[in-house]
2 protein chains.
Amino acid sequence: MATIKPGQPTARQLSVFEFIKKHIIKKGVPPTVREVAAHFGFASPLSAQLHINALVKKGLLKKLPFKQRALEISGLRPAEDTTLPLLGRVRAGAPLLASEDTEDHIRIDKGLFKIEDGFALRVTGDSMMEAGIFEGDIAIVKQQQTIENGEIGVVLIGDEATVKRVFRQKGKIVLKPENKTMKPATYNAEDVRVLGKVVGIIRKM
Amino acid sequence: MATIKPGQPTARQLSVFEFIKKHIIKKGVPPTVREVAAHFGFASPLSAQLHINALVKKGLLKKLPFKQRALEISGLRPAEDTTLPLLGRVRAGAPLLASEDTEDHIRIDKGLFKIEDGFALRVTGDSMMEAGIFEGDIAIVKQQQTIENGEIGVVLIGDEATVKRVFRQKGKIVLKPENKTMKPATYNAEDVRVLGKVVGIIRKM
DNA sequence: GGATATACTATACAAATGTATAGTATATGT
DNA sequence: ACATATACTATACATTTGTATAGTATATCC
């Protein structure tokens, strides 16, 4: 077998690295030492361990000692999800994320949308179709109390949560549909509660 | 403590059940016995175990014996992901899912889109904007060689992968943009390769 | 009171997984 | 030839996590 400069991974080590990488991508978690051994036909788990140690030494892998499935590849996100409640309804009086109003949960890759607190909402109506938001789409909403002029937000009017482009004009709130057949509506600021900003759309077709 | 009819979970058992449920929803995996014990301040892991056993007996939980983090709640999907390659380009000559052409990976909840083999593709151009598909959107594509008349598909023409509504007319293939400013284009069937059907859209805003 | 279910502790064992010791063998550079 | 790095086996130990044994205590029903 070829001797290679220390610092450079060998072909064998690289194939172990590739296996681990693919495992993380496909399964979301790194393999166990014995899973690596099984894949390569090693009789001893140590064989896999030594390759892993070498890869750690050479900087391709990181490891949390004694933790299970705790290999990390820099630049490769591990499976980290954000779970957002999919709200079935929004009630004016109740706390926004009351669990009784959660219809389902949407799990999405944490890297996809940057949200700490948020929720998902199924879009009803065609009012935003020219913004590419259709009836039945799932809006990913970042929870916030205010919104920049012209951004698309979720606002509560009475007992109805609706997705619109939001403008502020002289103490009034203007909700502008993105649909030629519909007109903007103006409300007193105190009648409108901003629930959040739409940061993403998921559509099943 | 109240004695309750066998078959009915006690308040304490229900709170353990709720903790497990939330853990699965939030983290994607059930807690370990000791994590349950720690959360409730139990000094012995058996305390948690007994609650779990009772919940299993009463039908609220299912369990795979001796497996780690192997609790299941019926009607609650565990964290199962599909990983789709996000193709950076599509080359006419090469296999579709050549790893050199994979720009990134999109992990999505398996329950969200029903796909076995598929890929993701970043949409370029405005040709489908009236179908609510915008430039920069990520199209979730189910890989298939044919497509029903009028469905939205990803097709390869020369070296360019494009998203269009696909029609078949007398041995010809018609690709219809969803944009009033653009006209349908007709191709010989042999010049067009169907890569798949668009089953979903993800938009980051 | 006695039976039963609940709710817990202290401790230990079992299985899965990470790690280590000791050893064999091969290839390469000096 | 020798040192060194690589690549592996057989075996055992360490840590984590699921499970079990033995025991204490309380509440409810008969």
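In what follows, chains are A, B, ... by sequence order, proteins preceding strands, each numbered from 1.
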Whole angstrom is fine here: how far is it from [atom1] in [X] over to [atom2] in [N]?
X        : N       : atom1 : atom2 : answer
Ile52(A) : dT6(D)  : CD1   : C1'   : 16 Å
Leu14(A) : dT6(D)  : CG    : P     : 12 Å
Phe42(A) : dA10(D) : CZ    : P     : 13 Å
Asn53(B) : dG18(D) : CG    : C1'   : 10 Å
Leu64(B) : dA16(C) : CG    : P     : 13 Å

Exercise. Heavy atoms, side chains only, cut-off 4.5 Å: are Thr186(B) and Ile173(B) in contact?
Worked result: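 When only atoms from C-beta onward are counted, Ile173(B) and Thr186(B) do not touch, as no gap falls below 4.5 Å.
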
Exercise. Side chains of Glu178(B) and Ser127(B): does their closest heavy-atom pair fall under 4.5 Å?
Worked result: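 They are not in contact (no side-chain heavy atoms under 4.5 Å apart), so the answer is no.
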
For this session: Would you indicate what Lys63(A) reaches in the nucleic acid, counting non-hydrogen atoms under 4.0 angstrom: base, sugar-phosphate, or nothing?
Result: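 The residue Lys63(A) makes sugar-phosphate contact but no base contact.
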
Exercise. Just checking Ser47(A): base, sugar-phosphate only, or nothing, at a heavy-atom cut-off of under 4.0 Å?
Worked result: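 Base: the residue Ser47(A), judged by heavy atoms under 4.0 Å, touches a nucleobase.
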
Exercise. Will you find, in the side chains of Gln13(A) and Lys58(A), an N or O donor that is under 3.5 Å from an N or O acceptor?
Worked result: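 There is such a pair between these side chains.
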
Exercise. Side chains of Ser74(A) and Lys62(A): do they bring a donor and an acceptor to under 3.5 Å?
Worked result: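 No, Lys62(A) and Ser74(A) have no side-chain donor paired with an acceptor closer than 3.5 Å.
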
Exercise. What residues form a ring-ring contact (aromatic ring centres under 6.0 Å, His included) with Phe113(B), not counting sequence neighbours?
Worked result: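 For Phe113(B) there are no ring-ring contact (aromatic ring centres under 6.0 Å, His included) partners, ignoring immediate neighbours.
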
For this session: Any chance you could list the contact pattern along nucleotides 11-16 of chain D? Use B for base contacts, S for sugar-phosphate-only contacts and - for none, protein heavy atoms under 4.0 Å, 5' to 3'.
Result: B---SS

I need the [X] [atom1] to [Y] [atom2] distance, nearest 0.5 Å.
X         : Y         : atom1 : atom2 : value
Lys164(B) : Met128(B) : NZ    : CE    : 7.5 Å
Leu61(B)  : Ile73(B)  : CG    : CD1   : 5.5 Å
Ile138(B) : Leu112(A) : CD1   : CG    : 6.0 Å

Exercise. Toward the 5' end of DNA chain C, which comes first, Glu35(A) or Leu50(A), by nearest nucleotide?
Worked result: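 Nearer the 5' end of the strand: Glu35(A).
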
Given [N], is OP1 or OP2 found less than 4.0 Å from the side-chain N or O atoms of [X]?
X        : N       : result
Lys58(A) : dT6(D)  : yes
Arg69(B) : dG18(D) : no
His51(A) : dC8(D)  : yes
Gln49(B) : dC8(C)  : no

Exercise. Is the backbone N or O of Asn149(A) less than 3.5 Å from a side-chain atom of Arg165(A), with the two atoms forming a donor-acceptor pair by type?
Worked result: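 Between the backbone of Asn149(A) and the side chain of Arg165(A) there is no qualifying donor-acceptor contact (under 3.5 Å).
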
Problem set entry | Interface with DNA chain C, restricted to residues 15-27 of chain A and to heavy atoms under 4.0 Å |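 Within residues 15-27 of chain A, no residue comes under 4.0 Å of DNA chain C.
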
